[in-house]
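Have a look at this one.
Residue numbers start at 1 and run along the sequence shown. Whatever order the structure lists ligands and atoms in, that order sets their numbers, starting from 1.
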Amino acid sequence: MKMKHIFPTYKRFPFEIVKGNGVTLIDDSGKKYLDLTSGIGVCNLGYNTAPIKKAVKKQLDKVWHTSNLYDSSLQEKTASLLVKNEDKDVYFCNSGTEANEAAMKLARKASGKSSILAFDHSFHGRSYGSLSMTGNDKLKEGFGPLVPDIKFANYNDQEALTQITSDLAAVILEVIQGEGGVVNGDPDWLKAVAAKCKQEKTLLIIDEVQTGMGRTGKLFAYQNYDLDPDIVTAAKGLANGIPVGAMIGKTELAAAFGPGSHGTTFGGNPLAMASASAVLDILNDDFLEAVQQKALFFWHYLEKEIQPLELVKGISGKGLMVGIHLKSDIEVGKVITSLHEQGILTLSSRDNTLRLLPPLIITGSELLHAVHVIKDTLSSAVVGQ
Ligand SMILES: *Cc1c(COP(=O)(O)O)cnc(C)c1O
């Protein structure tokens, strides 16, 4: 199909997904796929998921929009599931970009400072604020001038610590860079960054838009590293596909976000909240433990079957967030297309990386099947084609 009336901001694959169930998607020709994308880390609980569908349908029959001018028990319930027993507040919006935009505004207003330190190869969104904090010059081309007072440091670099000074409003980072090539933050480095932020009284913003919602086996990936961020942003997996974003900040910051300071028409919409609270109900400790077990199993086979392959440079990630780094002999796009033919949907990321973000409900045998198909594809790939 030629999409004649849509701005061509995306290069699309020439098929349409028309139906989904569990971890299976079906295209417009009736072809079935095992999904290892979750719609870019969104449908973490799969497709057509009964408890989520039920919660949304129930709310659909009551009321689907009211604005933020009235109390919302659904927002309060979702927020309490997000912050657990911590002294934190939530601002709901509609996307990861908006969550990071809110984080940037809150950090500036609460600190009274303007400078923000971000990292090379980071991705925080496409609006002026979030794009300005994104460490990818290609995405900024032609859009200048951007928001001033944003500085960059190298990710995982000790030198970056010297750039964390008391004149910064905030430091923003992903603990695993998703769009940047599935780059794991070194645990010691992450801790050192967090410690330096505390020492310099600089706010630490952790962007969990891709790594959050159970993706790494914890509700938030930073919980793997014993960090204590001042602000956390979430979106993608939070409502399993109904648009939503959340900025979670320490309650001590709340005075800077008083009535009228920031706002949104759709943010915290009842349908999104019904879905998000159903998602968070499912992401309990037992569920997350099961994700960790599945990930252990997956990583065992990734290391045994994929890592040794001629075309593979290395594998990175954590939990069910995986980057298979391919040598330059083969283009990741070709691998993705070949996997489509074999009924598997995958993603790419920076630097010729094959990225896997399977729904968290995938089974061990489905993961094993994926490993074998990826192995066969990479083994039989014609180098240089
Ligand atoms: C996807 C993503 C965003 C942007 O989220 P949108 O919902 O597309 O605005 C921000 N940060 C990270 C880490 C992401 O992966």
Which atoms from ligand 1 have a heavy atom of Asn100 less than 4.0 Å away? 10 (C), 11 (N)
Which atoms of ligand 1 have any heavy atom of Ser95 under 4.0 Å away? 7 (O), 9 (O)
Establish, yes or no, whether the cationic atom of Lys31 lies under 6.0 Å from the six-membered ring centre of Tyr33 and within 45° of the ring axis. yes
Just let me know how Glu98 lines up against ligand 1, side chain, backbone, both or neither, with a heavy-atom cut-off below 4.0 Å. neither
Would Asp228 and Lys198 pass as an ion pair if we require N to O under 4.0 Å? yes
Which part of His124 is near ligand 1, with near meaning a heavy atom under 4.0 Å away: side chain, backbone, both or neither? backbone
Should the proximity of Thr233 to ligand 1, defined as any heavy atom under 4.0 Å, be assigned to the side chain, the backbone, both, or neither? neither
Identity and separation of the nearest protein heavy atom to atom 8 (O) of ligand 1: Thr97 OG1, 4.4 Å
Ser38 (side chain) donor-acceptor with Leu357 (main chain) under 3.5 angstrom: yes
In the protein, what heavy atom is nearest to atom 11 (N) of ligand 1, and what distance, to one decimal place, separates them? Asp207 OD2, 2.7 Å
For atom 2 (C) of ligand 1, what is the nearest protein heavy atom, given as residue, atom name and distance? Lys236 NZ, 2.5 Å
For atom 5 (O) of ligand 1, the closest protein heavy atom turns out to be Gly96 CA, 3.3 Å
Over 60° means perpendicular and under 30° means parallel, so tell me whether His262 and Tyr91 are parallel, tilted or perpendicular. tilted
Contacting atoms of ligand 1, where contact means under 4.0 angstrom from a heavy atom of Glu174: 13 (C)
Quick check: Phe123 and ligand 1, any N/O pair under 3.5 Å apart? yes
Regarding Gln163 and Glu159, is there a side-chain donor-to-acceptor distance under 3.5 Å anywhere? no
Quick one about Asp351 and Thr353 (side-chain donor to acceptor, distance below 3.5 Å, no hydrogens or angles considered), yes or no? no
Centroid-centroid distance, Tyr301 to His372, less than 6.0 Å: no
What I want to find out is whether Glu208 reaches Arg215 closely enough, with some N-O distance under 4.0 Å, to be called a salt bridge. no
Gln210 neighbourhood, listing ligand 1 atoms whose heavy-atom distance to it stays under 4.0 Å: 15 (O)
